[in-house]
Amino acid sequence: MSAQERLVKTSVLILSDTHGMTLEGRVPDQIKADVCIHAGDLTEESKLEEFRSAIALLRKINAPLKLVIAGNHDFTLDTAIFKAKIHAVQPPLEPELVKTFYGDYEEAGKLFTDAAQDGIHLLNEGTHDFCLQNGGKLRVYASPYTPSLGDWGFQYHPNLGHDFAIEEDTHIVVTHGPPRGILDRTSNRERAGCPDLFAAVARARPQVHCFGHIHEGWGAKMVAWRGTLRETPSFLTDIDNAASSLIEQLSTVHETRFDTPEEAALKRKKLKEYTAQKCCSVPTVSEHVAGKKTLFVNASIKGESDEDLQLPWLVDVVLPRASESTVVPLSGQTEKVDDVVDDDADISATRDSVKGKDSKSIEAAGRKRVRGDDDEAGSQPEWRKR
């Protein structure tokens, strides 16, 4: 078998931050992808009904394998945080009201266990190997964690950092939040990404790193790496900017008052084409790029309003062929792999759920507990409250 025959071109549809929206008429159903990835914030308030809507949305997408991580809004999947929210509410919550909105313990996670029969899998933080129906072998690193001073799900204190243990030969990194310095600017131009995440991705150099969380950072950028990284990689020192290229961001597809008539017309034409195909696309990330460049994708769907929706991304990657290979499934046992995904493999994400009242009272209690008398938390920037 030639070197070219040992590789499999694989299409990946990427979206994030759907926040319970059904996206009626906006799902790119005319496209068949090999893999679909949702990078978190499936819900707005972590209610069971929102999780059901997110799963219904994923079922509409034409892909045999759909990989999902939680986001900070999906806090019922983070047991400790959700318990803290419940306990902070006074007077105590009525159990039946709690059950009406959020169900019993682990009920939200069980929705994804049941959805595995449709190829939908909620991933824990860590490395996951998959053998795809197209014959390719895919290695994914997943993490739902984002930096914050607040009390949402899957978050860590920015000063303490987080260990993103991305393994070698990882093809795609899926995180809820962005790395520092890439597609992470907020509406007030503040950098909201995590420096620890950037350093981990820079060392691993995957083909693709996809995320969301910072809605206004939507876009895609091909980043070229410098030959030798600093001891602590940074976007200021370890990116070869001359060899990197911005593919799209909001300012390149939406008109601004600074555009010339020609520039405005070009943007209108481009946005019309993207809207018609219901996604943006990126040329194949080839094996020649692997290790030298990484495609970064912020796939946040929710814009400034529910009506202002942003588009998912369709990306092609090149994977090694899985036939005659052996992988270690997430259950920890080595098995011979076939050219299809084993729906019974233990690839579920954290499913510890607790019960809550109506989300507004829970959120209000959480904000009071975290920021009431704490000057540091009370003055945190807006993106850390997301």
Side-chain angles (χ1 to χ4, degrees), residues 14 16-19 37-44 46 54 67-85 108-109 112 121-128 139-167 170 172-184 186 191-204 206 208-215 217 232-233 235 296-300 330 347-354 366 370 377 380-386:
I14 307 168
S16 183
D17 293 79
T18 50
H19 290 273
I37 293 174
H38 193 303
D41 276 0
L42 300 139
T43 70
E44 180 69 21
S46 209
L67 306 178
V68 180
I69 64 170
N72 55 299
H73 277 257
D74 309 318
F75 56 82
T76 54
L77 298 172
D78 188 333
T79 305
I81 287 297
F82 198 16
K83 281 183 176 179
K85 285 178 176 289
F112 288 93
H121 301 287
L122 186 61
L123 303 182
N124 284 315
E125 181 176 60
T127 296
H128 309 270
R139 171 164 288 184
V140 172
Y141 173 81
S143 177
Y145 288 93
T146 55
S148 178
L149 300 174
D151 66 337
W152 292 82
F154 304 99
Q155 295 190 314
Y156 56 91
H157 194 291
N159 294 341
L160 299 178
H162 187 76
D163 180 20
F164 296 94
I166 306 173
E167 295 187 8
T170 295
I172 300 178
V173 170
V174 186
T175 61
H176 182 52
R180 175 62 62 90
I182 302 177
L183 304 172
D184 68 330
T186 65
R191 291 283 188 192
C194 174
D196 294 326
L197 179 56
F198 177 90
V201 173
R203 294 186 186 104
V208 177
H209 178 197
C210 55
F211 46 87
H213 191 48
I214 305 302
H215 301 176
T232 302
F235 75 98
F296 289 83
V297 176
N298 183 326
S300 298
L330 301 182
I347 58 176
S348 58
T350 302
R351 294 192 174 104
D352 293 323
S353 304
V354 293
V370 174
Q380 65 179 301
E382 182 62 32
W383 62 267
R384 284 181 178 160
K385 305 174 188 176
R386 294 170 186 249

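Heavy atoms only: backbone and side chains are in, while hydrogens, waters and symmetry mates are out. These numbers were taken from a predicted model, which means no experiment stands behind them. Positions are given from 1 along the sequence.
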Gap separating the [atom1] atom of [X] from the [atom2] atom of [Y], nearest 0.5 angstrom:
{"X": "Thr18", "Y": "Glu44", "atom1": "OG1", "atom2": "CD", "value": "10.0 Å"}
{"X": "Ile81", "Y": "Asn72", "atom1": "CD1", "atom2": "CG", "value": "11.0 Å"}
{"X": "His209", "Y": "Ile14", "atom1": "NE2", "atom2": "CD1", "value": "10.5 Å"}
{"X": "Phe211", "Y": "Leu183", "atom1": "CZ", "atom2": "CG", "value": "4.5 Å"}
{"X": "Cys210", "Y": "Ile69", "atom1": "SG", "atom2": "CD1", "value": "7.5 Å"}
{"X": "Leu122", "Y": "Leu42", "atom1": "CG", "atom2": "CG", "value": "7.5 Å"}

Taking C-beta and beyond as the side chain, do [X] and [Y] meet within less than 4.5 Å on heavy atoms?
{"X": "Val201", "Y": "Phe164", "result": "no"}
{"X": "Tyr141", "Y": "His128", "result": "no"}
{"X": "Val140", "Y": "Leu67", "result": "yes"}
{"X": "Ile172", "Y": "Ile37", "result": "yes"}
{"X": "Phe296", "Y": "Pro178", "result": "no"}
{"X": "Ser46", "Y": "Phe82", "result": "no"}

Pick out which of His213, Gln155, His73 makes a side-chain hydrogen bond (donor to acceptor under 3.5 Å, both in side chains) with His176.
His213
Return yes if some donor-acceptor pair links the side-chain N/O of [X] with the main-chain N/O of [Y] below 3.5 Å, else return no.
{"X": "Asp17", "Y": "Asp41", "value": "no"}
{"X": "Asn298", "Y": "Ile214", "value": "yes"}
{"X": "Arg191", "Y": "Arg180", "value": "no"}

Do the ring planes of Trp152 and Phe75 sit parallel (below 30°), tilted (30 to 60°) or perpendicular (above 60°)?
perpendicular
Which atoms form the tightest heavy-atom contact between [X] and [Y], and what is the distance?
{"X": "Gly212", "Y": "Ala39", "value": "N-CB, 4.4 Å"}
{"X": "Asp184", "Y": "Gly193", "value": "OD2-N, 2.9 Å"}
{"X": "Pro233", "Y": "Arg203", "value": "CD-NH2, 3.3 Å"}
{"X": "Thr186", "Y": "Ala192", "value": "CG2-CB, 3.9 Å"}
{"X": "Ala108", "Y": "Thr76", "value": "CB-OG1, 4.0 Å"}

Given Thr175 and Leu197, is the side-chain contact (heavy atoms from CB on, under 4.5 Å) satisfied, shown in steps?
CA-CA 9 Å; Thr175 61; Leu197 179 56; 3.6 Å; yes
Before you tell me yes or no, could you show the steps for Cys194 and Tyr156 under side-chain contact (heavy atoms from CB on, under 4.5 Å), namely the whole-Å CA-CA distance, both residues' side-chain angles and the distance that decides it to 0.1 Å?
CA-CA 11 Å; Cys194 174; Tyr156 56 91; 2.8 Å; yes
